[in-house]
Amino acid sequence: MLLFILRRFAVMVFTALCLTFIVFFMTNLYPNLEKLAKSEGNFRMDDAAVASFLDNRGYLDPLPIKYGRWLGVLPGYVIEGSDGKTRGQCFERGTDGKGAPRFCGVLQGNWGFSTVFKDNVGSIVATRLSLTGVLMFWVMVLMIPTALVLGVVAGMREGSRTDRTLSTVAITTTATPEYVSGVIFIAVFSSSAFGLKWFKGSAATAMENPTFENFFLPVVTIALYGMGYIARMTRASMAEVMTAQYIRTARLKGVSFGNIVMKHALRNALIAPFTVIMLQFPWLLNGVVIVETLFNYKGFGWVLVQAAGNNDIELLLAVSVVSVVVVLVTQLISDIGYVYLNPRISVN
Amino acid sequence: MELLSWGEIAIRSVTQLTPVWVALIITFFVSIRYKRSLGLYGKLFDSTVGMIGFALVMFWVYTGLFSTMFDLIATHDPLSQVSGMKNKVPGTPLRGAESGDYPYYLWGGDNLARDVFSRVMIGSGIVVMIAPLATLFAFMVGITLGLPAGYYGGRLDLVLSFLANLILAFPVILLFYLLVTPEIRMTGMPQYMAVVLFSFPLIFFGVLINSRYYIDPMKRNILMVVILGVLGWLYLSLINEANSKVTLFNAIDGFDVDAGLLTVFVSVVFVNSPTVFRIVRGLAMDIKTRDYVAAAQTRGEGTWYIMLWEILPNARGPLIVDFCLRIGYTTILLGTLGFFGLGLESESPNWGATINEGRKLLSIYPHPALPPAIALLSLVLGLNLLADGLREESLKD
């Protein structure tokens with residue numbers, strides 16, 4: 001088991017390295033750097049000024065070297081610029097760099113400096129991630145029980161009218177992407193045109209003070225899209241369990257239907273949904289980006305859009321590291337959990 | 001002229017869509033009449049869910065077809081702005097209408113004073129054109145790589161699976177932001193990716209024909225020349241564009257694709273193919289243990305023959321179902337791109353961009369954002385129901 005986790009961990013690190021290198025490559029393409037230079041310096045710079053701006057800040061060095069510096073395995077650049085100023089990657093902002101360390105990459109715990117927010121990447125990601133964490137927590141609280149109940153009730157009696165109705169509901173929610181359901185919710189529940197105004201159409205105030213009124217719509221919007229899929233998986237798994245021999249035996253013994261579902265079927269039927277719920281996390285990340293943009297909730301997804309839209313290289317790298325870790329850790333948990341829940345499977 | 005009532009708007013919208021209703025009725029009449037001789041497609045008409053899904057999908061297909069090809073359904077030009085019609089509610093009479101103009105904005109005007117009805121109808125043309133085609137390309141890539149990965153296994157499988165998982169570990173929106181920006185387009189990245197991704201159909205058909213007809217070289221050569229000739233010309237015309245990074249084939253360039261459209265297309269194919277790869281790989285691993293594969297191996301058939309003519313046809317059930325679902329997912333992805341203002345130019349009436357524009361004034365004027373949102377929802381729902389019906393009917397055999 002330990003070996004299995006170790007191997008998966010190694011794969012995870014390797015994947016993260018490959019992925020960040022791709023992001024690094026894409027964000028360091030020359031037109032992207034030119035855009036960065038113009039938004040950092042000024043928009044009317046000519047080509048020569050752009051080139052010297054980039055050269056003074058080490059942007060024009062070969063890609064592997066820049067990547068190594070970001071990673072912290074190569075010493076940070078110290079360049080005496082064409083304007084006579086000496087700049088160093090590891091210098092404190094606004095100092096001349098006395099006593100600055102030679103290495104300052106991710107391995108040293110330094111995630112870099114965001115050019116959009118003018119702040120340390122580490123602290124930006126930490127604050128934004130905690131905001132998204134609050135959102136995700138409520139999404140989970142709403143989504144998982146609802147989806148499981150829907151799936152179990154539908155799968156209890158396969159083919160019944162309840163089953164058909166609930167399955168159609170589940171299909172409809174999977175067919176509704178967040179930007180569609182969000183727009184419909186805002187229009188119906190918070191616009192003056194429909195006159196309901198039950199909830200707020202913006203979650204900007206929910207960042208300090210989440211209330212039912214300003215937080216419910218974003219949570220429902222994310223939860224709804226993921227819910228249908230989990231419900232369908234639960235239904236399929238429940239329907240399969242209900243045809244098993246031991247359930248028939250229990251019925252023939254005269255156990256009541258309620259007892260069969262609660263005591264006999266449920267345990268086995270919930271193994272598959274567990275995996276599905278864990279694998280939903282990466283998908284939810286997508287929903288988070290859309291919903292945070294739509295409801296103006298400045299969390300992790302919002303940062304992703306800001307960073308990507310402005311080619312904020314170091315912030316983007318940190319964002320992709322976080323998301324790849326989320327994806328791979330949830331995969332790992334789902335694999336390990338599956339082995340524990342299902343004694344018929346072993347990792348070897 | 002006065003504002004139309006909701007009933008009048010409904011009646012006028014339905015009348016405006018007359019060609020679609022006629023086409024739908026003919027399709028259903030013919031299909032139900034001959035459903036016993038139409039195979040899986042005919043069996044679809046035995047399931048209510050499948051029929052509802054099919055009707056929704058065909059509604060948008062016909063709407064897209066008639067409004068973009070024959071200019072039948074839209075009441076106004078989707079890009080022209082009429083002064084005084086900004087954010088007007090549904091049913092507002094057109095200001096300064098001349099004879100020949102449609103006298104109303106049926107579903108109101110958006111924040112640039114364009115007709116919402118026409119934009120939604122013409123927007124459907126973009127979706128029903130790109131989504132199935134992009135999904136088809138993703139399937140070509142996924143099948144061409146997934147079959148050998150599943151059949152051979154080993155190191156090939158390890159490398160390809162790692163690459164697929166790598167792409168899948170990317171958050172889709174980040175990937176879009178990295179691929180679909182004007183700066184990236186300047187570097188020619190999307191075109192190079194197009195060169196690679198669009199070559200897969202060529203490889204696929206080349207191998208498909210060769211593995212089957214290599215015993216009859218004459219027939220094979222004719223087929224190869226005809227099919228690969230046409231596909232090759234399409235391929236070269238598609239990837240080549242004057243004044244860009246790929247200009248080697250200017251002489252035979254048949255048509256130009258809008259650069260934004262090409263980028264959107266490439267990135268959607270790129271995002272979809274790893275999932276198709278995983279499905280095909282799984283199916284191939286399952287099917288290669290069957291007796292008929294062992295029989296083919298004993299007969300001494302080539303590996304590509306076994307993969308393409310033994311394994312692939314037997315995997316068609318799950319693949320067809322997934323194809324329907326994936327078109328729906330591609331539609332959602334296209335909407336996402338539009339929602340973030342990536343890819344197609346901002347004027348374009350594609351649904352995602354229209355939703356994005358409409359959401360800014362959503363709490364005051366919901367009417368520009370709601371119709372494209374509901375349109376997208378109904379198309380994806382239709383595809384999901386269609387897939388569900390197909391799955392049910394194909395399981396009955």
Side-chain angles (χ1 to χ4, degrees), chain A residues 11 14-16 18-19 22-23 26-27 29-35 164 167-168 171-172 174-184 186-188 190-194 197 200-202 228 282-283 285-286 289-290 293-294 301 304-305 307-309 311 316 319-320 323-324 326-328 331, chain B residues 49 53 89 162-163 165-179 181-187 189 325 328-329 331-333 335-336 338-341 351-352 355-356 358-359 362-367 369-370 372-385 387-388:
Chain A
V11 171
F14 186 56
T15 313
C18 289
L19 217 126
I22 296 172
V23 176
M26 302 284 274
T27 47
L29 289 168
Y30 194 76
N32 273 337
L33 289 178
E34 196 178 326
K35 181 174 150 195
R164 297 215 164 260
S167 296
T168 313
I171 292 182
T172 314
T174 45
T176 319
E178 292 91 352
Y179 53 88
V180 168
S181 50
V183 161
I184 294 177
I186 295 179
V188 173
S190 72
S191 78
S192 48
F194 281 76
K197 293 209 154 220
K200 288 219 173 93
S202 152
W283 290 102
L285 198 67
N286 243 334
V289 179
I290 293 169
T293 311
L294 186 60
L304 190 155
V305 172
N311 199 43
L316 260 183
V319 164
S320 35
S323 29
V324 75
V326 169
V327 172
L328 298 175
Q331 271 177 16
Chain B
V49 172
V89 292
F162 179 76
L163 288 178
N165 289 336
L166 192 66
I167 299 171
L168 288 175
F170 253 111
V172 177
I173 293 169
L174 177 59
L175 201 60
F176 279 156
Y177 262 108
L178 289 177
L179 287 176
T181 53
E183 285 79 28
I184 294 280
R185 207 182 295 158
M186 266 159 45
T187 64
M189 266 299 271
L325 287 175
Y329 182 61
T331 310
I332 292 180
L333 285 182
T336 312
F339 183 78
F340 285 104
W351 291 342
I355 295 174
N356 184 34
R359 81 183 166 91
L362 198 56
S363 49
I364 317 163
Y365 303 112
H367 66 266
L370 278 183
I374 293 167
L376 198 141
L377 167 62
S378 65
L379 175 60
V380 180
L381 179 64
L383 285 161
N384 277 273
L385 292 176
D388 217 47

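By convention in this document, chain letters (A, B, ...) are assigned in the order of the sequence lines, proteins followed by strands, and residues within each chain are numbered from 1.
For chain B, the nearby part of L304(A) is the side chain; its heavy atoms alone come within less than 4.5 Å. Using a 4.5 Å cut-off between heavy atoms, T15(A) touches chain B through backbone and side chain atoms alike. For T293(A), the parts sitting under 4.5 Å from any heavy atom of chain B are the backbone and the side chain alike. Interface remark: I290(A) contributes backbone and side-chain atoms alike to the contact with chain B (heavy atom separation under 4.5 Å). Contacts of F176(B) with chain A are absent, with no heavy-atom separation under 4.5 Å from either backbone or side chain. With a threshold of 4.5 angstrom between heavy atoms, Y365(B) does not approach chain A through any atom at all. Contact annotation for L294(A): both backbone and side-chain heavy atoms come within less than 4.5 Å of a heavy atom of chain B.
Using a 4.5 Å heavy-atom threshold, the side chains of L174(B) and S320(A) count as touching.
Taking every heavy atom of both residues into account, T172(A) and L377(B) meet most closely at O-CD1, 4.4 Å. Residues A373(B) and V180(A) share a closest heavy-atom pair of O-CG1, 3.4 Å. When all heavy atoms are compared, the tightest approach of V183(A) to R359(B) is CG2-CB, 4.4 Å. Listed here is the closest heavy atom pair of M189(B) and L29(A): CG-CD1, 4.1 Å.
Counting heavy-atom pairs closer than 4.5 Å to chain B, the top-ranked of the candidates L285(A), V305(A), N311(A) is V305(A). In terms of non-hydrogen atom pairs under 4.5 Å with chain B, the most contact-rich of P177(A), G309(A), G182(A) is P177(A). The greatest number of non-hydrogen atom pairs below 4.5 Å with chain B, out of N32(A), T168(A), V324(A), V326(A), is found for N32(A). When the candidates L383(B), N165(B), V380(B), N356(B) are compared by the number of heavy-atom contacts under 4.5 Å with chain A, V380(B) comes out ahead. Per-residue counts of heavy-atom pairs under 4.5 Å with chain A were compared for V172(B), L379(B), V49(B); the largest is that of V172(B). Across L376(B), L385(B), T331(B), the residue that shares the most heavy-atom pairs under 4.5 angstrom with chain A is L376(B).
The OH atom of Y177(B) sits 14.5 Å away from the CE atom of M26(A) when rounded to the nearest 0.5 Å. From M186(B), atom CE reaches atom CD of E34(A) across 6.0 Å, with rounding to the nearest 0.5 Å. Distance check, rounded to the nearest 0.5 Å: CG of D388(B) to CD1 of I171(A) gives 3.5 Å. Atom OG1 of T336(B) is separated from atom CG of N286(A) by 7.0 Å, given to the nearest 0.5 angstrom.
When the side chain to side chain contact (heavy atoms under 4.5 Å, CB included) test is applied to L175(B), the partners found at least two apart in sequence or on another chain are I167(B), F170(B), L179(B), F270(B), V271(B). Residues satisfying the side-chain hydrogen bond (donor to acceptor under 3.5 Å, both in side chains) test with N384(B), not counting sequence neighbours, are none.
Within 6.0 Å of the CZ atom in F162(B), the count of heavy atoms belonging to other residues, nucleotides or ligands exceeds 12.
Distance alone, capped at 3.5 Å, is enough to place a donor-acceptor pair between the Y179(A) side chain and the I332(B) backbone.
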